[in-house]
Amino acid sequence: MKYKTLKGFQDILPPDILIWQNIETISRDVFRTYGYQEIRLPILESTDIFVRSIGETSDIVEKEMYTFQDKGGRSVTLRPEGTASFVRAYVEHHLYNHPAPQKYYYMGPMFRYERPQAYRYRQFYQIGAEAMGVEDPKLDAEIISMLTKILSGIGLKELNFELTSIGCKNCRPDYRDALKNFLRDKLNSFCSDCQRRYDLNPLRILDCKVPDCISSRQGAPQVIDYLCADCKKHFDGLRHYLDILKVPHSITPNLVRGLDYYTKTAFEVTSESLGSQKAVAAGGRYDGLVDEFGGPPTPGIGFAIGMERIIPLIKDSMKPSEGPDLFICCMGQYAYEEALALAEQLRARRLWVEINYDDSSLKSQMRKGNRIGAKHVIVIGEDEVRNEVAVIKDMITGTETQSRLEAQELVKIIKAGS
RNA sequence: GUGAGUGUAGCUCAGCCGGUUAGAGCAUCUGACUGUGGCUCAGAGGGUCGGGGGUUCGAAUCCCCUCACUCACCCCA
């Protein structure tokens, strides 16, 4: 094969595309009821937008970005995630001048140059939401509740909802120090990855799956115990409101986020039936990011759902089957002329109509009507054209009904049958 | 970037101790049934056996290299 998609990229074809559309429709409907409006952002941005927000030492920036020079010599990057672009747009269009909270959602592709594996692609799709301008945990609870509504609306079951607070720029350094102090003298009992993480991102040691590391980190200090008064109050408030909204959740203190901009609330939704890449959605609060982009200090919170992660979970239950409302079999030249015109009239009445295009036998045409899943088939030949009457066959029940060769009556029969 | 596994028809796979023209099921198309689908039967089309090199009289099969895919690590939606 000469040409094929790039590694980690994929075509999405029918009938799978119907599942995608279905998920998008359900999501839009939930967003609408919570007052979230769609925003469409460019896929390509200036590189420093991501470097500044995601963090220079994060894995995404260090090794996963699709970065290149455009013809003007500028460094540009295919977006690896949505929030940075969104905040850029929020500041650029002075959206902070509108009444808070400002609520937006987006859906579209993201790009990360990673080694592909199960449920992980280099171009992957996210449905994301961002809410700006409210610091109160009531908003956190609401957006999290909305996320669970979307996921359950899509039909996902048995998900784990993990929640924590990772503090703010005031209390997180204290925790980081406490953790490093705890780890310092027992570092050689950790794996080589963890020893590297010690300087780079010590919080991630808490997430390591190596058994020795798990036992060695027993008794390590937890973020939650180091939250400042403000962060603690926020976190307690969030848990209270989540209880009121009956959003089931578990506290996972060592939940680690890969992006530098998160503050306070961080959460992740996972599925055990996925394999190694099991996060289906994740998000958190980013109260310093607008500031960072040159806007007025504005709190924000958001999440993103990974399309490729949720589709395998619902593929079996969401099996769309579609076929034409009517397939027209034609015998002879006059019949084709009649059929073409008739098809147009029926399509104008919102029916999906297919006609046969070659002079194959009636049997072969019927077979085709059946194969493509037509709900009804009509045969038009010389007699039918002359008498303006034809037999329309219901392909599910097999019953035949006589009808005048005329759009209105045909529509009535077809709609009654389906 | 690291490690392991797999590459034969559109799809799922058999064939692999080397041996005539590379198979099956499903799918597609046609016919049996000259104007009525599904079931059945018959037939047809569709392959550089991932690519290159080597061993050999002879390679899908054995050896080397390479590419692609998959899974896992790292990390993440």
Got a list of side-chain donor-acceptor pairs under 3.5 Å for residues 143-151 of chain A, not counting sequence neighbours?
residue: A/Ser145; atom: OG; partner: A/Lys149; partner atom: NZ; Å: 3.4
residue: A/Thr148; atom: OG1; partner: A/Ser145; partner atom: O; Å: 2.6

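Aromatic ring pairs are classed by plane angle as parallel below 30°, tilted from 30° to 60° and perpendicular above 60°; the pair A/Tyr104 and A/Phe86 is tilted.
One C1' atom belongs to B/rG10, the other to B/rG52, and the distance between them is 27 Å to the nearest Å. One C1' atom belongs to B/rU2, the other to B/rC16, and the distance between them is 31 Å to the nearest Å. Rounded to whole Å, the separation between the C1' atoms of B/rU21 and B/rG25 comes to 22 Å. Nucleotides B/rA32 and B/rG37 are separated by 12 Å at their P atoms, to the nearest Å. Remark: the separation of the P atoms in B/rG50 and B/rA14 is 13 Å, to the nearest Å. For the P atom pair drawn from B/rU30 and B/rG45, the interatomic distance equals 15 Å after rounding to whole Å. Atom name C1', nucleotides B/rG3 and B/rA9: the rounded distance is 33 Å, in whole Å. Rounded to the nearest Å, the gap between the C1' atom of B/rG51 and that of B/rU8 is 14 Å.
Side-chain rings of A/Phe9 and A/Tyr121 stay apart, their centers remaining 6.0 Å or farther from each other.
The partner of B/rA44, taking Watson-Crick or G-U wobble pairs whose two distances both stay under 3.5 Å, is B/rU28. Remark: B/rC39 base-pairs with no nucleotide in the shown strands. Criterion, Watson-Crick or G-U wobble with two distances under 3.5 Å. Remark: B/rU20 base-pairs with no nucleotide; criterion is Watson-Crick or G-U wobble with both hydrogen-bond distances under 3.5 Å. When both distances must be under 3.5 Å, the Watson-Crick or G-U wobble mate of B/rU34 does not exist. The partner of B/rG7 is B/rC67, by the rule that a Watson-Crick or G-U pair needs both atom distances under 3.5 Å. Base pairing of B/rA72 is made with B/rU2, judged by Watson-Crick or G-U wobble geometry with both donor-acceptor distances under 3.5 Å. B/rU61 is unpaired under the Watson-Crick or G-U wobble criterion, no partner having all donor-acceptor distances under 3.5 Å.
A/Ser58 comes within 4.0 angstrom of no nucleic acid atom, judged by non-hydrogen atoms across all strands.
Rounded to whole Å, the distance from CD on A/Gln365 to P on B/rC29 is 13 Å.
Residues forming a ring-ring contact (aromatic ring centres under 6.0 Å, His included) with A/Phe293 (at least two apart in sequence, or on another chain): none. When the side-chain contact (heavy atoms from CB on, under 4.5 Å) test is applied to A/Lys157, no partner is found at least two apart in sequence or on another chain. By the ring-ring contact (aromatic ring centres under 6.0 Å, His included) test, A/Tyr261 pairs with A/Tyr286, sequence neighbours left out. Legend: residues meeting side-chain contact (heavy atoms from CB on, under 4.5 Å) with A/Ser189, ordered by chain and number and at least two apart, are A/Lys186, A/Ser216. Checked against ring-ring contact (aromatic ring centres under 6.0 Å, His included), A/Tyr34 has no partners two or more places apart in sequence or in another chain.
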Between the protein and nucleotides 32-42 of chain B, which nitrogen or oxygen pairs are less than 3.5 angstrom apart?
residue: B/rC33; atom: O2; partner: A/Lys363; partner atom: NZ; Å: 2.6
residue: B/rG35; atom: N1; partner: A/Glu384; partner atom: OE1; Å: 3.1
residue: B/rG35; atom: N1; partner: A/Glu384; partner atom: OE2; Å: 3.0
residue: B/rG35; atom: N2; partner: A/Glu384; partner atom: OE2; Å: 2.5
residue: B/rG37; atom: OP1; partner: A/Lys363; partner atom: NZ; Å: 2.6
residue: B/rG37; atom: O2'; partner: A/Asn370; partner atom: ND2; Å: 3.1
residue: B/rG37; atom: N7; partner: A/Lys393; partner atom: NZ; Å: 2.9
residue: B/rG37; atom: N1; partner: A/Met395; partner atom: O; Å: 2.7
residue: B/rG37; atom: N2; partner: A/Asn370; partner atom: OD1; Å: 2.9
residue: B/rG37; atom: N2; partner: A/Met395; partner atom: O; Å: 2.7
residue: B/rG37; atom: N3; partner: A/Asn370; partner atom: OD1; Å: 3.2
residue: B/rG38; atom: O4'; partner: A/Asn370; partner atom: ND2; Å: 3.1

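Among pairs with a residue in residues 378-391 of chain A, those fulfilling side chain to side chain donor-acceptor pair (under 3.5 Å) read A/Asp383-A/Arg386, at least two apart in sequence or across chains. Within the structure, side chain to side chain donor-acceptor pair (under 3.5 Å) contacts touching residues 343-359 of chain A (residues at least two apart or in different chains) are A/Tyr336-A/Asn356, A/Glu344-A/Arg347, A/Trp352-A/Glu354, A/Asn356-A/Asp358, A/Asn356-A/Gln365, A/Asp358-A/Ser360. Residue pairs meeting the side chain to side chain donor-acceptor pair (under 3.5 Å) criterion with at least one member in residues 165-177 of chain A: none, sequence neighbours excluded.
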Can you give one letter per nucleotide of nucleotides 67-77 of chain B, 5' to 3': B if a protein heavy atom sits under 4.0 Å from the base, S if only from the sugar-phosphate, - if neither? -SS-SBBBBBB

Produce a footprint string for nucleotides 5-12 of chain B: one letter per nucleotide, 5' end first; B if the base is under 4.0 Å from any protein heavy atom, S if only the sugar-phosphate is, - if neither. --------

Please assess A/Glu130 against A/Lys103 for the test salt bridge (charged side-chain N to carboxylate O under 4.0 Å, His left out), listing each intermediate value before the final yes or no. CA-CA 6 Å; A/Glu130 315 283 353; A/Lys103 302 171 177 174; over 6 Å; no

